[in-house]
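Take a look at the structure set out below.
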Protein chains: 2
Amino acid sequence: MSSAPKTESDRTPATGRARSAPTLPGGRQARRKAETRQRLLDAARTLFATRGYDATRPQDIAREADLATGTFYLHFADKHEAFLAFIEVAAEELMGVIRRRAVGATRFEERLGSALEGLFDFAESQPGVLSAAFADAAVIAAVVPSGASLRDRLADSLARGLQHDMDRGEVAPDYDARVIAHGIVGMIDAACVHGASHATSRAELISNVTRFCARALAVEGRPPTEAQTR
Amino acid sequence: MSSAPKTESDRTPATGRARSAPTLPGGRQARRKAETRQRLLDAARTLFATRGYDATRPQDIAREADLATGTFYLHFADKHEAFLAFIEVAAEELMGVIRRRAVGATRFEERLGSALEGLFDFAESQPGVLSAAFADAAVIAAVVPSGASLRDRLADSLARGLQHDMDRGEVAPDYDARVIAHGIVGMIDAACVHGASHATSRAELISNVTRFCARALAVEGRPPTEAQTR
DNA sequence: CCCCACGATTGACAAATTCTCATTAATGAC
DNA sequence: GTCATTAATGAGAATTTGTCAATCGTGGGG
């Protein structure tokens, strides 16, 4: 929480030794370092997801990774940076899950349903990670790096798909795709939270959210699709 | 972050002195104490909203309130408890804003529109407070007190209204009101975040979200209302 | 008014945590 | 093998959190 110390995240890449060509990228040294960083990230993930941000200390992360406390600071400036790195990794994974699940899905409601299925599976296998990834990082620290949050990525992806659907007349054209996409992401987040804390079945949850969105997006005068009815 | 010290939040109310009747509730002492707590809460609000949770320290809150650090711990067990108290107060205020705005609104889309207007006004006059109130407290600390979050309160209120609307045939009856209510709260949250960070006008935002929800909830075969069309 | 008991607040400092950096260990080029 | 460089270590400096003895403010009784 002091001014930024020199860490790996700030250092320029090693340009090589005065006497020879750059280090081989696959060298044991580089691999060892990458492995250490990975261990720290894994430990951070475990602790942030189970204890929450507040109760997780840098010394805990280092210990969980079976490393010295000083090593933590070689890789991250502070706890907050470790948290941001964790949610960045989680966001990437989640986008990958959604992409994989979307294979073969063409209509909007199919894409939404498969995304929800994927997110639910993820949330079940890794409690706490999804909600951390969906969290508004600005509440934890006022200055948020410019990288895109999970919400933004998901909303961008949805907005593109929606715009495409609008252009083809598959979806009502009189919405701002970006606004609606962000709204749907908010809904997805809420559904995941709801699924984790209420007795509603997953199928029921997915059905409600999917029907809701499909109906909202339905082109007027067009016969309802299966997803819009029950 | 150690085990709970004795604070005001843990103490039983003073039962009076051994020699006489209980202290008068309106006494200067009681008023002074309440004022001190209020000053701490105001300071906490200012700092949490502008700096974020991480960079706000108990000593900062005490200083901002022009009080000694020890006084902070007489009122709150730790930083986290002060944060929870802040978002609790904010949630109450926000529910009040929404209630006041809803006066005279009967149809769902009217209620939603006025709620959004109220929230946007609030967000504009107090940056950072709304997003903190909407945040998932479980990301900050794993153990969240049983009090209802802003999301839950808003969703409960919406679910009651929706259920009522369904019973009267004003809204499609084949949704789980609670699931949909939570989803709409997620949408509201996303709209507020979007409004704070994008160039979309407020009217456009409200129109998109309101139309989206109104269409999703429309009773089949019923003529569209004004809010469902553009 | 004074006295006294009790509750509210203070701030020095003990305890805990964060972070630095001299030292040690591992790597890789020659 | 030697030597320079990079990665990791952990003691301890710096900072923050939280405690508690001392002080201040209040209120009741004489």
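Labels below follow one simple rule: chain letters A, B, ... track the order of the sequence lines, proteins then strands, and each chain is numbered from 1.
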Identify all pairs in which a protein N or O lies below 3.5 Å from an N or O of nucleotides 24-26 of chain C, and state each distance.
unit_1 : atom_1 : unit_2  : atom_2 : d
C/dA26 : O4'    : A/Arg32 : NH1    : 3.3

key: Geometric class of the B/His80/B/Tyr53 ring pair [parallel <30°, tilted 30-60°, perpendicular >60°]   = perpendicular
task = Output the single nucleotide from C/dT10, C/dA16, D/dT15 whose closest atom is nearest the side chain of A/Arg57.
result = C/dA16
Any donor-acceptor N or O pair under 3.5 Å, side chains A/Gln126, A/Arg45 = yes
task = Take atom CZ of B/Arg31 and atom C1' of D/dT26, then tell me their distance rounded to the nearest Å.
result = 11 Å
inquiry  = By nearest atom, which of the nucleotides D/dT17, C/dT18, C/dT10 is closest to the B/Gln59 side chain?
reply    = D/dT17
key: d(CZ, B/Arg63; C1', C/dG11) in whole Å   = 13 Å
query = Expressed in angstrom and rounded to an integer, what is the separation of B/Arg37 atom CZ from C/dT9 atom P?
reply = 12 Å
inquiry  = What is the separation between atom CG on B/Asp54 and atom P on C/dT18, rounded to the nearest whole Å?
reply    = 10 Å
Sidechain-backbone polar pair: B/Arg151 side chain, B/Phe134 backbone, donor-acceptor under 3.5 Å = yes
ask   = Is it the case that A/Asp78 and A/Tyr73 place a side-chain donor and acceptor less than 3.5 Å from each other?
value = no
task = Please determine if a side-chain N or O atom of B/Thr36 lies less than 4.0 Å away from the OP1 or OP2 oxygen of C/dT9.
result = yes
Sidechain-backbone polar pair: A/Thr50 side chain, A/Thr46 backbone, donor-acceptor under 3.5 Å = yes
query = Which nucleotide in the set D/dT17, D/dT9, C/dT17 lies at the smallest distance from any side-chain heavy atom of A/Leu74?
reply = D/dT9
task = Assign each of A/Thr56 and A/Thr71 to its nearest nucleotide of DNA chain C by heavy atoms, then name whichever residue's nucleotide is nearer the 5' end.
result = A/Thr56
note = Of the candidates C/dT18, D/dT9, C/dG11, the side chain of B/Ala68 sits closest to C/dG11
For atom CD of A/Glu81 and atom C1' of C/dT18, their distance in whole Å = 15 Å
ask   = Quick one: B/Asp66 CG to C/dG11 P, roughly how many Å, whole number?
value = 10 Å
ask   = Please give, in whole Å, the distance from C/dT17 C1' to A/Phe72 CZ?
value = 12 Å
message = From OH of A/Tyr73 over to P of C/dT17, roughly how many Å is that when rounded to an integer?
response = 12 Å
message = Tell me every residue that passes side chain to side chain donor-acceptor pair (under 3.5 Å) with A/Arg101, counting only those two or more places apart in sequence or in another chain.
response = A/Asp121
ask   = Would you call B/Tyr175 and B/Gln163 a side-chain contact if the rule is heavy atoms closer than 4.5 Å?
value = no
